[in-house]
Amino acid sequence: MISSYKRGGRRLACTALPIALSLSLSITCGISAAYADDAALPKLAVKTPLRVGFAQTESNNPWRLAETKSFKDVAAKCGWQLVLTDAGGSAAKQVSDIQSMIAQHVDLIVFPPREEKPLAPIVLQAKKAGIPVILVDRDVDQSLAKAGRDYITFIGSDFINQGQRAADWLVTATGGKAKIIELEGSTGASAANDRKKGFNDVIAKHPGMSVIASQSGDFSRDKGRQVMETLLQAHPDATAVYAHNDEMALGAIAAIKAAGKQPGKDIILVTIDGTKGGMDAIAAGELGASVQSSPFFGPLACDVAQKFAKGETIPPWVKVTDRFYDKQDIAQNMQYGY
Ligand code: AHR
């Protein structure tokens, strides 16, 4: 049992301390000794129910809602008692949500780090407290906390590859000539950083293509619309949009229409997620293509947790493969929208 393992670790590590030391100092010492940075990952109990913390970043788009639902749906099947939080778009709030899960001594913490750097220290804190962590969807900066050493694994898509696939499609669709507006995801998120890199790596090889403006729309439809309105006024010569998610692309489509232009003709759009709204826009000819990014991490996290508890080796990255949708095959793929 993880609880007795943790308590045992603390007791053993602190028995040699002088009696004069305070209890809180003894406990801190015990935890640090049992789970130092180079220590093995904390163990996970095989028991039901398992108290699992899921710390969501925000609930501002269909992708996030589908991700949370996937954890709620799997909880009963997996024997999990979920402790669910929502950080409302704040990395600081997500840190404090996870701190509270640590204080409650949940058995396992699962979360998508809103941003790569600010969420890395809390992974180390959970390890020191003897609580294993699984990261889903987004990762932390690997120079600050490392998968397989500081947390069990990262379960998620290859965001760089998603950006490359979006760029490849745009190169073909435009014949290698485009003035592109890029709507970036949340600043500091691995999804935004890697999708930008993957896209730009491909575009750099095509002299007829350039990103003429780039700004964050925070993965939200309304911010995407507002940013697109502003950028379109400054760059009326734009011929393409690369949005880091469907919601911002849908916001951009509204802005393009409001400017009296036709999305899909005057301005070609490519994006990432594969939501129902994005797929409808592809079917309507307004959105060119969307690289799917699956939000359904609940069953995968359950499977990884059960294997880890049984002592099986887990790879540091459990890679999720993604579909791709454009006009040609959208009709037969509509059932995958969410
Ligand atoms: O991290 C995945 C991204 O975050 C999704 O593309 C986006 O819709 C979400 O908010």
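All ligand and atom numbering here is 1-based and tracks the order in the structure. Basis for what follows: all heavy atoms, side chains included, without hydrogens, waters or symmetry-related copies.
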(message) Once you measure the plane-to-plane angle for Trp317 and Phe154, does it fall in the parallel (<30°), tilted (30-60°) or perpendicular (>60°) bin?
(response) tilted
(message) Does Arg165 qualify as a cation-pi partner of Phe324, given the criterion of NZ or CZ under 6.0 Å from the six-membered ring centre and within 45 degrees of its axis?
(response) no
(message) Just verifying a value: how many Å separate Ile212 CD1 and Lys179 NZ, rounded to the nearest 0.5 Å?
(response) 7.0 Å
(request) Among all protein heavy atoms, pick out the one at the shortest distance from atom 8 (O) of ligand 1; state its residue, atom name and that distance to 0.1 Å. (result) Asp273 OD2, 2.6 Å
(request) Measure the CG-CZ distance between Asp246 and Phe219 for me, rounded to the nearest 0.5 Å. (result) 11.0 Å
(message) Under a 3.5 Å cutoff, is there a donor and acceptor pairing between the side chains of Gln164 and Asp168?
(response) no
(message) For the CD atom of Gln332 and the OH atom of Tyr325, what is their distance to the nearest 0.5 Å?
(response) 11.0 Å
(message) Closer than 4.0 Å to some heavy atom of Ala191 - which atoms of ligand 1 meet that?
(response) 1 (O)
(request) Of the side chain and backbone of Asp246, name the one, both, or neither that has a heavy atom under 4.0 Å from an atom of ligand 1. (result) neither
(request) Kindly confirm or rule out an N or O of Arg195 lying under 3.5 angstrom from an N or O of ligand 1. (result) yes
(message) Out of all atoms in ligand 1, which are within 4.0 Å of some heavy atom of Arg138? Include the element for each.
(response) 1 (O), 3 (C), 4 (O), 9 (C), 10 (O)
(message) Using heavy atoms and a 4.0 Å limit, tell me yes or no: is Asn61 in contact with ligand 1?
(response) yes
(message) Counting only nitrogen or oxygen atoms and a 3.5 angstrom limit, does Asp137 reach ligand 1?
(response) yes
(message) Any atom of ligand 1 sitting under 4.0 Å from a heavy atom of Arg64?
(response) yes
(request) Could I get the full list of salt bridge (charged side-chain N to carboxylate O under 4.0 Å, His left out) partners for Arg51, not counting sequence neighbours? (result) none
(message) Please check whether His244 reaches ligand 1 - meaning an N/O of the residue sits under 3.5 Å from an N/O of the ligand, judged on distance alone.
(response) no
(request) Provide the number and element of each atom of ligand 1 under 4.0 Å from a heavy atom of Asn245. (result) 6 (O), 7 (C), 8 (O)
